[in-house]
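Inspection log for the structure reproduced underneath, given as structure tokens.
This one's a predicted model, so the numbers in the text were calculated from it and none came from an experiment.
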Amino acid sequence: MNEKFYSLSLDMQQSIINAGMQVFAENDYKNASADLIASKAGIPKGLLFYYFQNKKELYLYIYHYLAEIMIDQIVDIQLKELTDFFEILRYAAHNKVKALQKNPSILDFAMRAFYLEKESVAKQVNAFNNEQENLLYNVYFGQIDEYKFKAGVEPYRVYKMIRWMADGFVHDMRISGKTLNLEVMEKAFNEWLVLMKKLAYKEKYQDECY
């Protein structure tokens with residue numbers, strides 16, 4: 001990305017980001033038109049490619065930008081004070097749902113990004129996601145009460161299983177043609193946490209309520 005993008009006013013930067021997010025949210029990556037993005041941002045296409053070398057670079061910038069926005073809205077002071085593994089998951093999921101409900105375009109963008117396997121940008125997105133997952137795991141769970149877990153149960157593996165379940169839920173909604181309902185997903189997610197807690201925690205900690 002050309003550093004001169006940051007010399008633009010914040011309003012113009014946001015206009016370009018919003019235009020890109022909208023077009024990428026409404027179209028598969030390969031069908032997202034740079035002409036349309038530039039038009040919605042109110043700038044010539046040539047100027048768009050002055051700030052970003054190509055559509056791929058713009059997409060990755062917006063993807064990283066939205067990831068930061070979501071983290072800012074999920075990781076608040078209260079989350080940082082929690083030490084119970086399952087309460088952290090419950091609270092973080094609730095914050096994420098609230099953030100996505102306020103910003104439906106981000107949800108649409110994320111749903112498109114979930115199915116990028118054959119797109120040219122997929123490799124970079126997957127690499128970023130893997131890096132972020134490891135970093136965020138330490139942010140979320142760096143101070144958890146590990147003594148609550150049964151012997152031999154690794155918190156990270158439990159986390160991965162729960163994430164795979166969430167990914168599976170999204171995939172089922174997609175292939176069934178149903179619209180993803182965040183409240184329904186959050187309810188299902190909390191039910192999974194209850195089940196996983198009984199499998200992962202020592203008996204005396206299984207019935208703790210929040």
Ignoring hydrogens and geometry beyond distance, is a side-chain donor-acceptor pair present between Tyr91 and Asp76 at under 3.5 Å? yes
Does Lys148 reach the main-chain N or O of Ala200 with its side chain, forming a donor-acceptor pair under 3.5 Å? no
Inter-residue atom distance Met70.CE - Leu136.CG, 0.5 Å rounding: 11.0 Å
Verify, without hydrogens or angle tests, whether Asn54 (side chain) and Lys56 (backbone) share a donor-acceptor contact under 3.5 angstrom. yes
Sequence neighbours excluded, the answer for salt bridge (Lys or Arg N to Asp or Glu O under 4.0 Å) partners of Asp172 is none
Report yes if the side chains of Met12 and Ile43 come closer than 4.5 Å at any heavy-atom pair, otherwise no. yes
Counting only heavy atoms not in Lys202, do more than 12 fall under 6.0 Å of its NZ? yes
Steps toward side-chain contact (heavy atoms from CB on, under 4.5 Å) verdict (Glu81, Ile77): CA-CA 7 Å; Glu81 293 175 348; Ile77 294 175; 3.7 Å; yes
Got a list of side-chain donor-acceptor pairs under 3.5 Å for residues 149-160, not counting sequence neighbours?
from   : atom 1 : to     : atom 2 : distance (Å)
Lys150 : NZ     : Lys198 : O      : 3.2
Lys150 : NZ     : Leu199 : O      : 3.3
Tyr156 : OH     : Asn134 : OD1    : 3.4
Tyr159 : OH     : Glu133 : OE2    : 3.3
Lys160 : NZ     : Glu133 : OE1    : 3.2

Gap separating the CD atom of Glu87 from the CG atom of Asp145, nearest 0.5 angstrom: 11.5 Å
Given the rule in the ring-ring contact (aromatic ring centres under 6.0 Å, His included) test, do Tyr50 and Phe5 qualify, once you have shown the distances and angles that lead to the verdict? CA-CA 9 Å; Tyr50 173 71; Phe5 175 72; over 10 Å; no
Are any side-chain N or O atoms of Gln13 and backbone N or O atoms of Leu8, one a donor and one an acceptor, separated by less than 3.5 Å? yes
Taking atom types as modelled, find out whether Asp84 and Tyr201 have a side-chain donor-acceptor pair closer than 3.5 angstrom. yes
Counting only heavy atoms not in Ile175, do more than 12 sit closer than 6.0 Å to its CD1 atom? yes
Go through it in stages, so that I can follow the logic: the residues are Leu182 and Glu186, the test is side-chain contact (heavy atoms from CB on, under 4.5 Å), and I'd like the CA-CA distance, side-chain angles, deciding distance and then a yes or no. CA-CA 6 Å; Leu182 292 173; Glu186 183 179 13; over 6 Å; no
Hey, does Met173 have a side-chain heavy atom less than 4.5 Å from the side chain of Thr179? no
Minimum-distance pair of heavy atoms, taken over all atoms of Tyr115 and Val170: OH-O, 4.0 Å
Minimum heavy-atom separation for Glu191 and Lys187, please, with both atom names. OE2-NZ, 2.8 Å
Side chain of Lys55, backbone of Tyr29: donor and acceptor closer than 3.5 Å? yes
Any carboxylate oxygen within less than 4.0 angstrom of a Lys/Arg side-chain nitrogen, looking at Asp167 and Arg163? yes
Residues 97-105, side-chain donor-acceptor partners within the protein, below 3.5 Å, at least two apart:
from   : atom 1 : to    : atom 2 : distance (Å)
Asn103 : ND2    : Ala99 : O      : 2.9

Taking the side chain as every heavy atom from C-beta outward, state whether Leu193 and Phe85 have any atom pair closer than 4.5 Å. no
Measuring only between side-chain heavy atoms, which start at C-beta, is Tyr140 closer than 4.5 Å to Val75? yes
Take Gln132 and Phe128 through the test side-chain contact (heavy atoms from CB on, under 4.5 Å) and record every step on the way to the result. CA-CA 6 Å; Gln132 284 292 103; Phe128 175 76; 3.4 Å; yes
Closest contact, heavy atoms only, Ala41 versus Ala19: N-CB, 3.7 Å
Any non-hydrogen side-chain atom of Ile106 less than 4.5 Å from a side-chain atom of Leu66? yes
So which atom in Arg112 and which in Ala25 form the shortest heavy-atom distance, rounded to 0.1 Å? NE-O, 3.1 Å
Donor-acceptor check, side chain of Tyr63 to backbone of Leu58, threshold 3.5 angstrom: yes or no? no
Where do Leu89 and Phe189 come nearest, in terms of heavy atoms and distance? O-CE2, 3.7 Å
Donor-acceptor contact present, side-chain Asn95 to main-chain Ile74, <3.5 Å: yes
Considering all heavy atoms, the nearest Lys4-Tyr51 contact: O-CE2, 3.8 Å
If you apply the rule side-chain contact (heavy atoms from CB on, under 4.5 Å), what do you find for Leu180 with Phe169, and how did you get there? CA-CA 9 Å; Leu180 180 62; Phe169 184 95; 3.8 Å; yes
Are Phe109 and Tyr59 an aromatic pair by the rule of ring centers under 6.0 Å? yes
Side chains of Tyr65 and Gln14 in contact at under 4.5 Å (non-hydrogen atoms): yes
